[in-house]
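Here's the structure, in structure tokens; my notes come after.
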There are 2 protein chains.
Amino acid sequence: MKKPSLIPHAQAGASGIRDLAARLGISIGTVSRALNDKPDVNPETRKRVIAAASELGYVPQQSGRSLRKGATHNIGLLWEIPEGRAAYGEPFFLSLFGGTQQVLSARGYDLVIMPDQPGATADPLARLRRIIQQRQVDALILPWTRTMDPRLDYLAEVGIPFVALGRSRSGGPHPWIDLDFEQAGEFATARFIAAGHRRIAIAIPADSLMQKRFFLAGYRRALKAAGLPFERALVAEGHVTPAGGYAAATRLLDVIPRPTAMLAIDSSMAVGIYRRLAELGLSCGQDVAVIGGVHDTPMTEFLVPALTCFSLDTVALGRRLAEILLARLDSKANPAGELWPIVLVERQSDRID
Amino acid sequence: MKKPSLIPHAQAGASGIRDLAARLGISIGTVSRALNDKPDVNPETRKRVIAAASELGYVPQQSGRSLRKGATHNIGLLWEIPEGRAAYGEPFFLSLFGGTQQVLSARGYDLVIMPDQPGATADPLARLRRIIQQRQVDALILPWTRTMDPRLDYLAEVGIPFVALGRSRSGGPHPWIDLDFEQAGEFATARFIAAGHRRIAIAIPADSLMQKRFFLAGYRRALKAAGLPFERALVAEGHVTPAGGYAAATRLLDVIPRPTAMLAIDSSMAVGIYRRLAELGLSCGQDVAVIGGVHDTPMTEFLVPALTCFSLDTVALGRRLAEILLARLDSKANPAGELWPIVLVERQSDRID
DNA sequence: CATAACGTCGTAAACGTTTACGGACTAGTC
DNA sequence: GACTAGTCCGTAAACGTTTACGACGTTATG
């Protein structure tokens with residue numbers, strides 16, 4: 001009598017390579033070879049095996065397979081979930097995930113997103129450690145690096161392949177893609193200056209994200225190039241959320257003389273800026289020009305006035321991240337970085353008309 | 001000589017329960033028992049094992065463990081990623097994920113989010129099948145069910161424990177949580193009516209989501225209760241995005257006589273509605289009252305005017321989903337459903353003042 | 001005809017872990 | 001002292017798969 005399966009939700013009929021082999025009257029070795037495209041198997045037999053497998057719905061079980069092969073064919077993406085309700089849920093990521101999964105699955109890999117709450121446990125690296133030590137994935141994608149990023153140090157130490165979204169000072173050499181926030185900050189600021197603005201405020205994250213440094217650097221560079229002074233009072237740090245944008249605008253618009261232009265690092269902050277402008281009876285575009293930053297969410301063009309902000313093909317970004325990682329896994333590639341330009345979408349919020 | 005590990009990114013020093021046992025001069029069985037809180041082990045030995053494990057950074061490898069135990073201690077969440085850039089990236093989910101992960105990890109489980117693109121492959125269930133057949137998870141969370149949902153039928157067939165967000169006509173009995181869209185639709189409509197509105201438009205998804213049916217049913221119920229006629233022309237179907245809201249508003253505001261109130265199923269549509277109102281020179285609140293639906297994103301209170309919409313403790317929702325699933329895994333619970341009320345947050349968009 | 005080469009397949013070991021079973025002690029009981 | 005009970009631990013068999021190796025039969029080669 002067959003022992004009941006340990007697996008609680010075992011399917012009724014199909015299960016195991018053994019059953020499949022028995023049903024076909026061949027050995028499990030042959031079945032495995034047939035399904036894995038190994039050479040030493042009769043084309044005729046292979047056909048029969050594949051047919052039977054699809055009929056019985058047999059798919060090799062992950063744990064057995066990866067135990068033996070030492071690879072899971074899963075690519076992890078460590079996703080930091082901010083605590084509480086305050087967070088803005090980056091629509092950005094959805095399409096990025098789509099692009100990544102698309103490329104990965106074409107190569108037999110799967111994307112699994114592992115939510116992480118660094119603040120929830122004593123050890124901020126707890127989840128990452130578990131993922132690595134339990135060998136849950138073959139490689140990792142790490143979105144939004146920080147200036148000093150212990151995650152990168154840890155990953156470098158254990159030597160697992162990964163690709164980072166964003167540069168960092170931490171960790172060893174590794175492949176990355178970063179958006180050129182410096183160029184973006186410079187471009188937007190220069191555009192303001194060219195339009196005649198002299199007092200330009202900027203809103204950036206309070207966090208230690210790398211983006212912040214670069215964005216601010218670009219801003220300063222443009223100021224300097226135009227011979228304008230850098231004023232601390234025109235820089236506001238806050239959450240990258242509508243609430244953060246509101247708080248920043250509240251502070252910045254109180255500065256005397258009042259800034260005539262505002263630059264936010266992310267379009268989510270622009271919503272809060274819009275509100276503060278309305279409260280003060282200021283017209284967005286007319287009295288104060290606004291440029292929202294990365295990213296161009298599905299919402300920005302429907303704001304009133306439509307938000308001028310930076311755009312980016314997030315699907316392509318997701319795809320490229322996957323490609324870089326796959327190349328790294330094939331070890332055909334040396335760790336290189338890619339700096340992606342982000343282009344401005346001109347809409348209404350920075351126009352006086 | 002030790003053979004090189006098959007695992008590409010094997011850590012330098014630590015590896016395997018064998019090394020740990022050898023180092024302590026005891027058998028691997030004892031080590032395993034010590035780490036798994038099994039009874040038959042000397043407290044003194046247990047301490048030594050735990051100390052050594054944490055020193056060497058030993059954590060049991062997932063594949064070996066789950067192969068033997070027939071359980072992965074992973075809970076999957078199948079996340080449908082819409083194709084293309086058009087989609088609105090539900091900020092809603094971020095906090096939900098946080099709540100779920102929090103509860104699960106307290107019980108030794110982990111949440112893994114598996115992005116799925118049903119349209120990308122010939123078989124829309126491809127990814128779900130792979131997850132189940134490869135035994136990648138012990139249980140599943142399925143957000144946003146449809147009226148007819150093949151995923152539910154499949155899950156019922158294979159008998160894996162799961163909890164759904166949303167009801168459905170498909171599948172067998174299973175635990176679920178749903179938001180009471182019917183009550184929400186009815187409440188908002190009745191509120192409009194009480195404020196004197198007689199021509200009330202509604203924007204719902206074109207999709208076959210269950211939410212749509214219930215929301216519309218509530219809307220109709222309130223109309224009926226007030227003796228108002230139901231007009232097809234006042235119902236617009238579209239994408240649950242700002243663009244969808246814009247398109248819906250464009251159609252609805254052309255109806256003669258023009259509606260004086262608009263109800264959207266989701267606050268993301270409200271952004272598009274706002275824009276269309278502005279384009280027509282109509283004042284939101286004054287000329288046309290607007291109530292956005294579920295969910296109250298971080299943005300809604302910063303819109304101008306602040307959006308009256310339904311709110312929901314998404315963190316609690318995520319937590320409860322996890323709890324229900326855990327109860328189901330302990331098989332202490334029979335499949336029951338929970339209907340969560342969603343309360344209206346009164347702000348400015350539906351006020352005439 | 002002897003041998004080599006080839007194509008196809010079965011056998012069995014391995015991957016890392018958990019756990020049923022039994023053995024070796026010690027302590028307690030009559 | 002013989003027995004039982006209890007404590008702790010080692011042994012070894014599983015879990016499902018992949019793959020190195022060798023065996024077998026057939027065909028080509030000399």
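All values reported here derive from a predicted model rather than from experimental measurement.
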| task | Could you tell me whether the side chain of B:Arg68 has a donor or acceptor atom within less than 3.5 Å of a complementary atom in the base of C:dT18? | result | yes

| query | Once you round it to whole Å, what is the distance between C1' of D:dG16 and CD of B:Gln133? | reply | 15 Å

| In terms of the angle between their ring planes, are A:His73 and A:Tyr109 parallel, tilted or perpendicular, with boundaries placed at 30° and 60°? | parallel

| message | I want to check one thing: is the phosphate of C:dT18, taken as OP1 and OP2, less than 4.0 Å away from some side-chain N or O of B:Arg65? | response | yes

| Atom-pair distance (CG on B:Leu67; P on C:dT18), nearest Å | 11 Å

| request: When you get a sec, tell me which of D:dT18, C:dT18, D:dT11 is the closest nucleotide to the side chain of A:Pro60? | output: D:dT18

| field | Gap separating the OG1 atom of A:Thr100 from the CG atom of A:Leu321, nearest 0.5 angstrom | value | 5.5 Å

| Charged tip of A:Arg328 within 45° of A:Phe162 ring normal and under 6.0 Å | no

| request: Rounded off to whole Å, could you give me the CZ-to-C1' distance for the B:Arg135 and D:dT17 pair? | output: 13 Å

| query | Roughly, in whole Å, what's the span from CG in A:Leu24 to C1' in C:dT8? | reply | 16 Å

| query | What's the verdict on salt bridge (Lys or Arg N to Asp or Glu O under 4.0 Å) for A:Asp110 and B:Arg127, showing C-alpha distance, side-chain angles and the deciding distance? | reply | CA-CA 9 Å; A:Asp110 267 322; B:Arg127 174 105 207 234; 3.5 Å; yes

| message | I want to confirm an ordering. Mapping A:Gly64 and B:Gly25 to their closest nucleotides on DNA chain D, which one lands closer to the 5' end? | response | B:Gly25

| said: Distance check needed: C:dG16 P versus A:Gln134 CD, whole Å only. | reply: 15 Å

| said: Below 4.0 angstrom, which residues in residues 30-44 of chain A have at least one non-hydrogen atom near DNA chain C? | reply: A:Thr30, A:Arg33, A:Asp40, A:Val41, A:Asn42, A:Pro43

| Upstream residue (5' side of DNA chain C) when B:Val59 and A:Thr45 are each assigned their closest nucleotide | A:Thr45

| remark: Side-chain atoms of B:Ile26 come closest, of C:dG10, D:dG10, C:dT17, to D:dG10

| Interatomic spacing from CG in B:Asp19 to CG in B:Leu24 - rounded to 0.5 Å | 11.0 Å

| Starting at CD1 of B:Ile28 and ending at P of C:dC15, how long is that distance when rounded to a whole Å? | 12 Å

| query | Is B:Arg23 salt-bridged to B:Glu55, going by a charged N under 4.0 Å from an acidic O? | reply | yes

| query | If you check the A:Lys69 side chain, which of D:dC15, D:dT19, C:dT11 turns out closest? | reply | D:dT19

| field | Whole-Å gap separating P (C:dG10) and CZ (A:Arg18) | value | 15 Å

| message | A:Leu128 and side chain to side chain contact (heavy atoms under 4.5 Å, CB included): which single residue from A:Asp116, A:Leu155, A:Asp123 fits? | response | A:Leu155

| task | Return the value, rounded to whole Å, for the distance between atom CD of B:Gln136 and atom C1' of D:dG16. | result | 15 Å

